[in-house]
Protein chains: 2
Amino acid sequence: MEGEKRSLNSELWHACAGPLVSLPTIGSQVVYFPQGHSEQVTALTKKEADAHIPNYSNLPSQLICQLHNVTLHAEAETDEVYCQMILQPVNAQEKSSYLLPDLGRQNKQCNEYFCKTLTASDTSTHGGFSIPRRAAEKVFPPLDFSQQPPAQELVARDLHDNEWHFRHIYRGQPRRHLLTTGWSVFVSAKRLQAGDSVLFIRDENGQLLLGIRRANRIQPSMPSSLLSSDSMHIGILAAAAHAYNTSSRFAIFYNPRASPSEFVVPISKYNKAVYTMQFSIGMRFRMQFETEDSSSRRYTGTITGIGDLDPVRWPNSYWRSLKVGWDESASGERQKRVSLWEIEPFTTPFLFCSPALTLRTKRPRTPGAEQAMINGK
Amino acid sequence: MEGEKRSLNSELWHACAGPLVSLPTIGSQVVYFPQGHSEQVTALTKKEADAHIPNYSNLPSQLICQLHNVTLHAEAETDEVYCQMILQPVNAQEKSSYLLPDLGRQNKQCNEYFCKTLTASDTSTHGGFSIPRRAAEKVFPPLDFSQQPPAQELVARDLHDNEWHFRHIYRGQPRRHLLTTGWSVFVSAKRLQAGDSVLFIRDENGQLLLGIRRANRIQPSMPSSLLSSDSMHIGILAAAAHAYNTSSRFAIFYNPRASPSEFVVPISKYNKAVYTMQFSIGMRFRMQFETEDSSSRRYTGTITGIGDLDPVRWPNSYWRSLKVGWDESASGERQKRVSLWEIEPFTTPFLFCSPALTLRTKRPRTPGAEQAMINGK
DNA sequence: CTGTGGGCAACGTGCCGACAA
DNA sequence: TTGTCGGCACGTTGCCCACAG
């Protein structure tokens, strides 16, 4: 395949991707949604797939796949994180990992870490970078306070393994930690602006790593000249259909910060939502979102409808099959449709004893249930 | 379709594209090669299409299409020129434009024009831009030589219709034309380096236009995170196959400076080469190439073989069906395979009287002839 | 005719503590 | 605790001509 570049540092990648992004375990089974993959292209090219696209009647709306490999990458130009996944549609007879608990998703938490949103002063050419006190004490090597002023040279590596050198000094009245020499080179090289965030990590070997998260997610530097967006959408569907028909491997790219929702879902997470939970109109739920300061919080809402997002092209699909309303007024940002496995209902999930029994009797009457059966369960 | 952006200035676009690029006339019939389109993706992503790609046995190696529209574009980030073409496969019964002469290709020549390759001094921060004397006199508005020194403000628009302001002054001992204030802003905004070229045009309204041609054609800022290259290749083939099966329109992007060869060829040019010329091993020919100083010159070579480039996937295709050797030793740059219509044989082309008669009797025994028959002639 | 370099003034960059939010 | 500012030194930018290829 085309993953000749080796995977990047996982801790740093996840720190840049944000707190809500977790990737399925290599070797596990996942559910892949061509529909969601298409949405990622729409989000990146800002071109809707139109009606000219042929119908791949063979292709189910969800494919159960073996996840053979995941490699972590970052865009050379912008440092935007993405990953490549090698998937292989599986004959669903071998439902080996059926309803396994949701263990082992790749999301190493890192404590020796800090993230700061850059101020106007941080990014101006007039001065350096003001380090929050606790951050400096937590992740940077301790200064020798016998020197006047205390100062040291820091070396940090970014996602591309480039080294960045900074002078770290503790001075001013009152005293504060600053990055001076080297900081402006970094800011201009990465084209950082006020509002973007930088994050520093000390890894297990004591090495410093640094990454960035841009406030302005919209990168209009689109590869317009390469392929028409129609051909991209067709390419996604045709590649998935071909892999499905021949049970062969195929590669996809997942861009967590550009994609509206994850379209490769651990099968356990999918099954738990589809087979053990009840959803009905009027039901209350919570859902996690990333906040402006890169932490996560839950918003609450109500299910207002259940049905197909695209009844013509993708009938009986679970992808975004719930229409929802949000409690808070400024909800223009949040999607009007979500998938079952993205939300946490307030009601206690149904607890089952025998999987086989439960599946037969308790499968809810949500769209796509029969389709899911055909697709091998 | 997705051509909501209107076409750019055609004169400027062609000046940036170079002397060898000419586009087929809108409304005319063309021959589209999926194989060549795939090569463009390979050139841009530097990833070969591999064997996993499904076979579209329906899809001929060349499609006769109606060219419904051509819109000219330039990459926002790099100003690299490309165009979108709207094609529709035609039922070859209506061979209306059959063997029409090669008239009316879009390639406006522009005389009020100059192009200069930038020197180290031009791009350094130490000074401005030294304008060749004849160039300044030909395309810039005349200076008022009663002033001491003579100077004026120039305004030029680039491909994106952005305005650039320059101070044009005639001074120094000996006197020379210079661009001073405003020049370095332009150089850094466009990220120009010594060796790149700038070109100025005065259009019919007397407006100044300016464009750039980069020496280093390789732009490694690839949109890696969007789609796997396999999916792109599949997308191209599937889109073409779908359009062919349904006789519907489809959109392609052609990037003349990245693509190894043009893969949308006027049908007259194609027919002339395929039906009225003889090619044989050992035959001598000439072919045009762009030189380093952006003009064109001819290289000579010999046909060393005739046969399929990819006998498995694209049997009987005319695409690059000639193996060639080049006379000059430093020929590493030039392709080892070319298509019939790219070269000019030294022998006089066969002159025919009745097209129908000629076609039946004089069709050469080159690969793809039967395929071409099936594809509707 | 035009590419490079020295001279020089104006400007921007970047380190410092003061101050206040 | 940390964001912004005035002060200030120094490095860079950019306009000029001289000189030579």
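Order of the sequence lines fixes the chain letters, A, B, ..., with proteins taken first and strands second; residue numbering starts at 1 for each chain. We use all heavy atoms of the structure for the numbers below, so side chains are in, but hydrogens, waters and symmetry mates are not. Predicted model only: the values in this text are computed from it and were never measured.
- Taking the six-membered ring for Trp and the full ring otherwise, the centers of A:Phe166 and A:Phe129 sit at least 6.0 Å from each other.
- Heavy atoms only, all atoms of each residue included: B:Trp164 and B:Lys190 are closest at CZ2-CE, 3.9 Å.
- Annotation: side chain of B:Asn162 is not in contact with side chain of B:Phe186 (no heavy-atom distance under 4.5 Å).
- Within the 4.5 Å cutoff, the side chain of A:Ser121 has no heavy atoms near those of the A:His126 side chain.
- Residue-to-nucleotide proximity on DNA chain C shows that, of A:Ile169 and A:Arg176, the 5′-proximal contact is made by A:Ile169.
- Of the residues in residues 123-134 of chain B, those placing a heavy atom less than 4.0 Å from an atom of DNA chain D are B:Thr125, B:His126, in numerical order.
- In terms of modelled atom types and a separation under 3.5 Å, the side chain of B:Gln40 and the main chain of B:Pro260 share no donor-acceptor contact.
- When every heavy atom of B:Ala151 is checked against every heavy atom of B:Gln147, the shortest pair comes out as O-OE1, 3.8 Å.
- Taking the C1' atoms of five terminal pairs at each end of the helix from C:dC1-D:dG21 to C:dA21-D:dT1, the two resulting helix axes are inclined by 40°, rounded to 10°.
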(request) Quick one: do B:Arg214 and B:Asp79 satisfy salt bridge (charged side-chain N to carboxylate O under 4.0 Å, His left out)? Show the steps, please. (result) CA-CA 9 Å; B:Arg214 294 182 196 273; B:Asp79 281 24; 5.8 Å; no

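- Counted by atom type alone, A:Glu153 and A:His165 present one or more donor-acceptor pairs between their side chains at under 3.5 Å.
- Phosphate proximity of D:dT2 to A:Thr119: absent, as no side-chain N or O sits under 4.0 Å from OP1 or OP2.
- Each of A:Pro174 and A:Arg171 lies near DNA chain C, and the nucleotide nearest A:Arg171 is the one positioned closer to the 5' end.
- The residue B:Ser121 sits close to a base: some heavy atom pair falls under 4.0 Å.
- The shortest non-hydrogen separation linking B:Leu143 to B:Pro150 is CB-CB, 4.0 Å.
- One atom, CG of A:Leu178, and another, C1' of D:dT1, lie 12 Å apart when rounded to the nearest Å.
- Taking the side chain to side chain contact (heavy atoms under 4.5 Å, CB included) definition, one finds that B:Ser197 meets it with B:Cys115, B:Thr117, B:Arg213, B:Ser294, sequence neighbours left out.
- Side chain of A:Gln152 to main chain of A:Pro141: a donor-acceptor pair is present (N/O by atom type, distance under 3.5 Å, no hydrogens or angles).
- The structure places CZ of B:Phe114 at 14.0 Å from CZ of B:Arg134, a figure rounded to the nearest 0.5 Å.
- When all heavy atoms of A:Leu12 and A:Asp158 are compared, the pair lying nearest together is CD2-C, 3.9 Å.
- Taking atom CH2 on B:Trp183 and atom P on D:dG14, their separation rounds to 13 Å, with Å as the unit.
- Less than 4.0 Å separates DNA chain D from no heavy atom of any residue of residues 185-194 of chain A.
- With a cutoff of under 4.0 Å to any heavy atom of chain A, the contacted region of DNA chain C is bounded 5' to 3' by C:dT13 to C:dA20.
- Residues of residues 136-148 of chain A that place a heavy atom closer than 4.0 Å to DNA chain D do not occur.
- Distance, B:Gln173 CD to D:dC19 C1': 12 Å, rounded to whole Å.
- A:Glu290 pairs in a salt bridge (Lys or Arg N to Asp or Glu O under 4.0 Å) with only one of the listed residues (A:Arg297, A:Arg298, A:Arg257, A:Arg334), which is A:Arg257.
- Using a 4.5 Å cut-off on side-chain heavy atoms (C-beta onward), B:Gln288 and B:Tyr299 make no contact.
- Taking the centre of each ring, B:Phe289 and B:Trp326 come in below the 6.0 Å mark.
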